[in-house]
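Counting starts at 1 for both ligands and their atoms, in listed order. We count residues from 1, following the sequence as given.
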Amino acid sequence: MPLDSSDSKYNLQSQRRAPLLLMYHGTPATTPSSEYSIRADRFAAHLDYLKRQSWHTALFKELSNASILPEKTVILTFDDGYADNYEGAFLPLLDSNMKATWFITTGCIGKNADWMGPPSPQTQMLTAEQLVIMAKAGMEMGSHTCSHPDLTMLSSSQQLDEMTQSKQILESIIAGKIASFAYPYGRYNENSIATVKEAGYESACTTCPGWFRNEESPFLVRRITIFANDTVHTLARKLVFADNNVSWKKMASYYYLRINDKLIKAR
Ligand SMILES: [Zn+2]
């Protein structure tokens with residue numbers, strides 16, 4: 001077991017606790033077929049927990065002025081644009097007076113997420129009409145490319161095409177500016193970071209876990225992944241530790257390091 005108690009990951013007390021970004025995918029009414037989607041009733045329990053714990057929700061684009069966000073701010077993001085998000089996430093958010101950001105794969109709007117295998121109700125995507133309603137209700141729309149490629153396999157010009165075309169399509173659908181981007185599969189390279197800027201986005205998010213850090217690049221914003229099995233208790237631990245793995249084994253390791261740190265300082 002590593003004994004490097006100076007590892008910044010474990011120095012939680014010195015860090016500002018928020019904003020924190022969560023990454024969701026589908027929110028089906030039945031058992032999710034993907035480990036990245038979460039049943040709608042479980043998502044509703046997450047929202048209820050966030051409300052009871054007085055978490056403020058903000059849009060991804062609001063990170064451009066992160067210093068004015070309340071300390072207990074969570075940014076809920078939904079990748080891909082699944083149709084079951086409409087009833088499973090958008091309507092509950094609206095009811096709760098909360099907001100979120102959607103990263104839409106524009107080549108699949110109103111169709112099937114073709115990279116997810118054979119068509120099924122859970123791979124059906126939101127329609128353009130639904131995106132308009134959601135945007136008008138105060139939700140943010142961002143881009144997740146046209147075809148959901150692994151950007152690291154594409155040339156700079158191919159990456160630029162994916163980024164600019166999806167931006168233009170979304171801007172014409174919602175009749176507004178699209179400022180935010182999420183890298184498909186969380187995969188990017190140096191070209192992606194330069195290209196996303198060139199395409200006119202103001203910020204982009206990855207799937208690297210951790211707290212939002214104002215000093216880091218706005219094109220490499222961290223997010224915590226939410227999985228199908230994440231109960232309210234798991235969510236609560238993720239909000240404290242800003243990590244994807246909050247298993248008890250990991251937590252035991254964390255407390256071991258904290259105790260070890262105190263013993264070293266007490267010497
Ligand atoms: Zn995706």
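- The other members of the hydrophobic cluster of Phe227, by chain and number, are Tyr36 (side-chain heavy atoms under 4.5 Å, ILVMFWY only).
- The tally of protein N/O/S atoms under 2.8 Å from the Zn ion (ligand 1) stands at 3.
- The side-chain contact (heavy atoms from CB on, under 4.5 Å) test applied to Lys72 returns Gln53, Trp55, not counting sequence neighbours.
- Close placement of the Phe78 and Phe43 rings is indicated, their centers lying within 6.0 Å of each other.
- Using a cutoff of 4.0 Å between basic side-chain nitrogens and carboxylate oxygens, Glu162 and Lys167 are not scored as salt-bridged.
- With sequence neighbours excluded, no residue forms a salt bridge (charged side-chain N to carboxylate O under 4.0 Å, His left out) with Glu129.
- Side-chain atoms of Tyr82 and Asp80 include a donor-acceptor pair closer than 3.5 Å.
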